[in-house]
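Some notes on the structure that comes next.
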Amino acid sequence: MNPTRVRTRVAPSPTGDPHVGTAYVALVNYCFARQHGGEFILRIEDTDRARSTAESERVILEALRWCGLEWDEGPDVGGPFGPYRQSERSSIYASYAERLLVSGHAFKCFCTPQRLEEMRVAQRAAGLTSRYDGRCLTYSAQEVAQREAAGEPFVVRLRVPDEGVCVVNDLRRGPIEFEYSSVDMQVLVKSDGMPTYHLANVVDDHLMEITHVFRGEEWVSSAPKHLLLYSYFGWQPPQLLHLPLLRNPDKSKLSKRKNPTGILFFRAMGYLPEALLNFLALLVNAVRDGEDELLDLPAIVRRFDLEHVPIGGPVFDLAKLDWLNGRYIRERLDPPGFVQRVAEWAISPERLTRMAALAAPRIERLSDLGPLLAFLFSGRLALTAQSFESAKLDALSIRRALSLGLTEFDKLATWNVFAIERAIGRIAAALGKKSRDVARPFYIAITGSPTSIPLYDSMELLGRDLVRERLRNALDLLGTPSKRELQEWESLLQSDEAVV
RNA sequence: GGCCCCAUCGUCUAGUGGCCUAGGACGCCGCCCUCUCACGGCGGUGACGCGGGUUCGACUCCCGCUGGGGCUACCA
């Protein structure tokens, strides 16, 4: 019916560590494209200047490659529809925003953040949908020109009808109806001139000739805005399918405070990429009764079935991943292959060199190496609440310190000894304790012992994901902070930051 | 609060009105194999959230409730 070649994309935002949900979404897009002999594109959505980093982009690409997914077009491999990095396409978005402005489908808005905030608070208090009230829509052309000439900062907003219904056709969910009156007049161009996701994603999907968009469920509620944009531009929108969000065991959205979420975590933990991808594939399309669950990528693509992609949010079941990974290790790896994987995993020459340098001054026999460095080759450590009794701090301070570590470490732009040391320093200051005393429980949580090779080096070597895992584990042992505690403790840190 | 999505064993799911006294996988339990453990084999535990309809017949269709989730930013 439609002779157009199938083109799908995954569009991660380089604002943090690669998320396993990104791999999940990428896999679906990959499978569909491959199954139809189409193209799978990787696009970087870095329109958030404040949060996007080149390092994050690099790591995300590396992580997706590690998973075994290859894209046909992308910022690193190029392609006929480039550039594939939104920050390099500013002029394109500007011209399309201008088009909307001219046609009256968008307008300049000079409202201050404070006014918007007050408006929303009032709307919510009145039990209404929070939605831009259209004040700047009442200004005359001259008034807009005047304000602009006066140097007033402004954003460009999408004009949304006050009445009528928008129908979003989801490939699996069917038609979803939204009253336009419940759709906000989204900002399309920020005051810094950068487009928001909404504008950029629509323009790019059109220009890059994307035919099918498989994306996370969190986008359902902004689909009407996107559809509106397509219609304003006179473009044919792509087919949409919203995939369920991966969940924590308590069914909430998978979050790194509670669970491993980073692709890098799985690598650091010693999962094989084939197993991870296989596990995700099982979440996308379950096997038939009696069919083997061990599937390589070609098999995953072959049996991919759009009609049977689930829409209920699955809990990410680590136990099942463990089982699958075990099968890969014992069924798919021959001895040389196994050795190679182990080498890639943890004993690269660089890593070994670094470990040796840290360990050598502290041992008397080579055989001391095993116990001293075992924690660097382990997943979960065998700790109990008693393990922390040798720490200098009181129980509450320990929990506070570890919990603050969990949040502080995630804020670090780069993961190295220096940054880690400063983070610990900040935590110590926030708690009014000495750094060395605060470091003690971290030694125990991370290395398994109060005496070990240097903590900060160990943490860098172990990687942020494994450190996070160990802190989570320690906190589980000592008592996971309640929501209230978490809030109180965080404020401790914030007030400290304000002083600095 | 408002808008939207979802709902089968603890978990992932099969099931698209009769094939279902609901099937498979992970987990858990037991037995077997075995120098330990693991693997492997065999068996077991265990679910259609609730209430109304529709129908000769509902896990399957409709409505309500309840529960869970997402969004509600000049973040994506």
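In what follows, chains carry the letters A, B, and so on, assigned in the order in which the sequence lines appear, proteins first and then strands, with residues in each chain numbered from 1.
A/Glu177 comes within 4.0 angstrom of sugar-phosphate atoms only, judged by non-hydrogen atoms across all strands, and of no base. Residue A/His242 is out of contact with every strand shown, counting any heavy-atom pair closer than 4.0 Å.
Between B/C71 and B/C19, the two C1' atoms lie 42 Å apart (nearest whole Å). Using atom P as the reference point in both B/G49 and B/C12, the two lie 14 Å apart (nearest Å). Across the C1' atoms, B/C74 and B/C63 are found 42 Å apart, a figure rounded to whole Å. If you take atom C1' in B/A58 and the same atom in B/C4, they sit 28 Å apart, rounded to whole Å. Separating the C1' atom of B/G70 from that of B/G10 is a span of 24 Å, rounded to the nearest Å. For the P atom pair drawn from B/G44 and B/C26, the interatomic distance equals 15 Å after rounding to whole Å. Here, B/C61 and B/C5 have their P atoms 16 Å apart, quoted to the whole Å. Rounded to whole Å, the separation between the C1' atoms of B/U36 and B/G46 comes to 32 Å.
Under 4.0 Å is where a charged nitrogen must lie from a carboxylate oxygen, and between A/Glu57 and A/Arg85 at least one such pair does.
Using bins of under 30°, 30° to 60° and over 60° for the plane-to-plane angle, the ring pair A/Tyr232/A/His105 lands in the parallel bin.
For A/Arg288 and B/G15, the shortest distance from a side-chain N or O to OP1 or OP2 is below 4.0 Å.
Checking B/U13, B/C4, B/G27 against the side-chain heavy atoms of A/Pro310 singles out B/U13 as nearest. Checked against B/G23, B/C5, B/G27, the side chain of A/Arg173 finds its nearest nucleotide in B/C5.
Atom CG of A/Asp289 is separated from atom C1' of B/A22 by 11 Å (rounded to the nearest Å).
Between A/Ile311 and A/Arg327, the residue anchored closer to the 5' end of RNA chain B is A/Ile311, taking for each the nucleotide with the nearest heavy atom. Position along RNA chain B of the nearest nucleotide to A/Leu128 versus A/Lys320 favours A/Leu128 as the more 5'-ward residue.
The two residues A/Cys67 and A/Leu277 make their nearest non-hydrogen contact at O-CD2, 3.2 Å.
Geometrically, A/Arg7 engages A/Phe81 in a cation-pi contact, judged by NZ or CZ lying under 6.0 Å from the ring centre and within 45° of the ring axis.
Taking the six-membered ring for Trp and the full ring otherwise, A/His206 and A/Phe233 have centroids separated by 6.0 Å or more.
Considering only residues two or more places apart in sequence or on other chains, A/Asp162 meets the salt bridge (charged side-chain N to carboxylate O under 4.0 Å, His left out) condition with A/Arg131. In this structure A/Glu70 satisfies the side chain to side chain contact (heavy atoms under 4.5 Å, CB included) test together with A/Arg65, sequence neighbours excluded.
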Letter per nucleotide, 5' to 3', of nucleotides 63-76 of chain B [B base touched, S only sugar-phosphate touched, - untouched; heavy atoms, 4.0 Å]: -----SSSSBSBBB
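Taking a pair to require two hydrogen-bonding distances under 3.5 Å in either a Watson-Crick or a G-U wobble arrangement, B/A25 pairs with B/U11.
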